[in-house]
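As the structure is a prediction and not an experimental result, all values here were calculated from the model.
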Amino acid sequence: MSRRRYNKRRRTVPDTYTVAFLGLGHMGGPMAVNLVRAGHRVAGYDVVPAALDAARSAGVPVVGSVAGAVPDADVVLTMFPSGRHVLDAYRGSGDQPGLLELAAPGTMFLDCSTINVDEAREAAQLALGAGHRSVDAPVSGGVVGAEAGTLTFMVGGEEEDFDAVRPLLDVMGKRIVHCGAHGAGQAAKVCNNLILGVSMIAVSEAFVLGEKLGLSHQALFDVASAASGQCWALTTNCPVPGPVPTSPANSGYQPGFAGALMAKDLNLALNALHSTGVAGRMGTLAAEIYDTFAAEGGAGQDFSAIINDIREKSGTAPHKTATAHDDGSPE
């Protein structure tokens, strides 16, 4: 970190970082690519060989183990499937040293995984207790946002640490929000995705109801998108083809955000509802609906494909209503 500049609060932040990027999957891989393109020094690692190969092909320098990436890093960025993966990686196991032990004193631990709020706070305390710094920064925006560098980051941590990682987040995202102390980023993520999951179910139910009542997809969209039913699940990720040409419904529900991930995130929200005593009846039902959807074949489809599950349970075959005529009416 030889070149430095001042931010608005006159604290110094580096122009370039050395980043150990751990977790190069569908989201992490493109995020790492954007850091490389911005001039940061990245050493990538993933336990899945195919992910390593894909990242290497995209221009990300990769290493054969975390020990080859972490000791020289200014920032250890993790993008893991669950909180248990994060905590286990931080601690290590048996004779395998954890990330906290491998890192130089004062290393910034930036976790972009989506995990339980309590796990995020525990991870932060582990990092701080080992003499490091910690920020949780889960993301929203899907694979398309990761590739385009337009993700939203919801950040939890000390203000000074938020300032320190902001240059990295600005490369990978378009909207960066400091939500509060450690764990606040995860709290914002689970609340946001609780809204999203419930909204997509409601939008999908409305379209199936419209089909049953003889209403065209386009007519319902034209009304709801400009009225009180307007929401992201309708105007950006519309679950029927036609009204929003870029939505996954127009490409066979290939996932921008998979059903399995929505099921996971709603269960994180469910855990938070239970731990806080909030009477989240809609969230509880949404988690149950997406759990069933994922288990019955929807795990690898976009979460908007829940509309086909609703159609089936409504006695309407998905293939009869999944496409639209030029005028927007269902087949």
Side-chain angles (χ1 to χ4, degrees), residues 1 4 7-9 11-23 27-28 31-32 34-35 38 40-44 66 69-70 73-83 85-91 98-100 102-141 145-146 149 151-192 268:
M1 295 191 296
R4 304 179 74 86
N7 71 1
K8 294 178 181 178
R9 296 177 179 84
R11 298 189 183 103
T12 56
V13 296
D15 286 327
T16 58
Y17 283 91
T18 298
V19 181
F21 202 117
L22 312 180
M27 294 291 292
M31 291 164 65
N34 286 330
L35 291 179
H40 295 286
R41 297 177 292 275
V42 175
V66 294
V70 173
D74 303 316
V75 176
V76 176
L77 192 159
T78 45
M79 193 71 171
F80 291 163
S82 73
H85 289 95
V86 174
L87 293 172
D88 287 349
Y90 277 23
R91 293 189 183 107
L99 303 180
L100 300 178
L102 288 169
T107 297
M108 176 69 73
F109 278 78
L110 173 60
D111 182 40
C112 295
S113 316
T114 296
I115 64 177
N116 280 309
V117 176
D118 291 344
E119 291 171 325
R121 290 171 177 161
E122 183 179 354
Q125 290 307 308
L126 287 172
L128 296 175
H132 302 301
R133 303 163 74 183
S134 179
V135 169
D136 56 281
V139 307
S140 179
L151 295 169
T152 293
F153 284 89
M154 294 145 276
V155 186
E158 298 296 330
E159 188 171 359
E160 184 175 359
D161 292 334
F162 170 71
D163 289 340
V165 299
R166 182 69 188 260
L168 295 177
L169 303 183
D170 281 338
V171 169
M172 300 182 289
K174 184 177 181 180
R175 182 166 176 77
I176 320 297
V177 181
H178 185 204
C179 299
H182 298 296
Q186 297 294 348
K189 176 67 183 287
V190 298
C191 290
N192 178 78
L268 295 178

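In this structure, F80 and G23 approach most closely via the heavy-atom pair CE2-N, 4.2 Å. Closest heavy-atom contact between V165 and Y17: N-OH, 4.3 Å. Closest approach of S113 to D111, counting heavy atoms only: OG-OD1, 2.7 Å. The shortest heavy-atom contact between A120 and G183 is CB-CA, 4.2 Å. Pairing each heavy atom of L100 with each of A127, the nearest pair is CD2-CA, 3.8 Å. The minimum heavy-atom distance linking A69 with A20 is given by the pair O-CB, 3.6 Å.
Annotation: the span from L169 atom CG to M31 atom CE amounts to 8.0 Å, rounded to 0.5 Å. To the nearest 0.5 angstrom, L87 atom CG is 6.5 Å from I115 atom CD1. Here L168 contributes atom CG and H40 contributes atom NE2; the two are 5.0 Å apart, rounded to the nearest 0.5 Å. Considering CG of D136 and CE of M154, their distance stands at 10.5 Å, rounded to 0.5 Å. Here the straight-line distance linking atom CG of L99 with atom CG of L126 works out to 11.0 Å at 0.5 Å rounding.
Side-chain contact between E158 and R133 is absent, with no heavy-atom pair separated by less than 4.5 Å. Considering only heavy atoms from C-beta on, Q186 comes within 4.5 Å of T114 through its side chain. Side-chain contact between M27 and L151: present, with at least one pair of heavy atoms (C-beta onward) separated by less than 4.5 Å.
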May I have the step-by-step check of side chain to side chain contact (heavy atoms under 4.5 Å, CB included) for V76 and L102, ending in yes or no? CA-CA 11 Å; V76 176; L102 288 169; over 6 Å; no
Show the numbers, then the answer: is there a side chain to side chain contact (heavy atoms under 4.5 Å, CB included) between E119 and V86? CA-CA 9 Å; E119 291 171 325; V86 174; over 6 Å; no
Assess the residue pair V139 and M79 against the criterion (side chain to side chain contact (heavy atoms under 4.5 Å, CB included)); give the C-alpha distance rounded to whole Å, side-chain angles, the decisive distance to 0.1 Å, and a yes or no. CA-CA 10 Å; V139 307; M79 193 71 171; 3.9 Å; yes
Could you check L22 against V70 for side chain to side chain contact (heavy atoms under 4.5 Å, CB included), going step by step and ending with a plain yes or no? CA-CA 9 Å; L22 312 180; V70 173; 4.2 Å; yes
Just distance, no hydrogens or angles: give the donor-acceptor pairs under 3.5 Å from side chains in residues 171-182, sequence neighbours left out.
| residue | atom | partner | partner atom | Å |
| --- | --- | --- | --- | --- |
| H178 | NE2 | G157 | O | 2.8 |
| H178 | NE2 | G180 | O | 3.1 |

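The main-chain N or O of A146 is found under 3.5 Å from a side-chain atom of N34 such that the two form a donor-acceptor pair.
Between D161 and the options L110, V155, V135, a side chain to side chain contact (heavy atoms under 4.5 Å, CB included) holds for only V135.
Pairs of residues two or more places apart, or lying in two chains, that qualify as ring pair (Phe, Tyr, Trp, His ring centres under 6.0 Å) and include a residue from residues 107-134 are Y90-F109, F109-H132.
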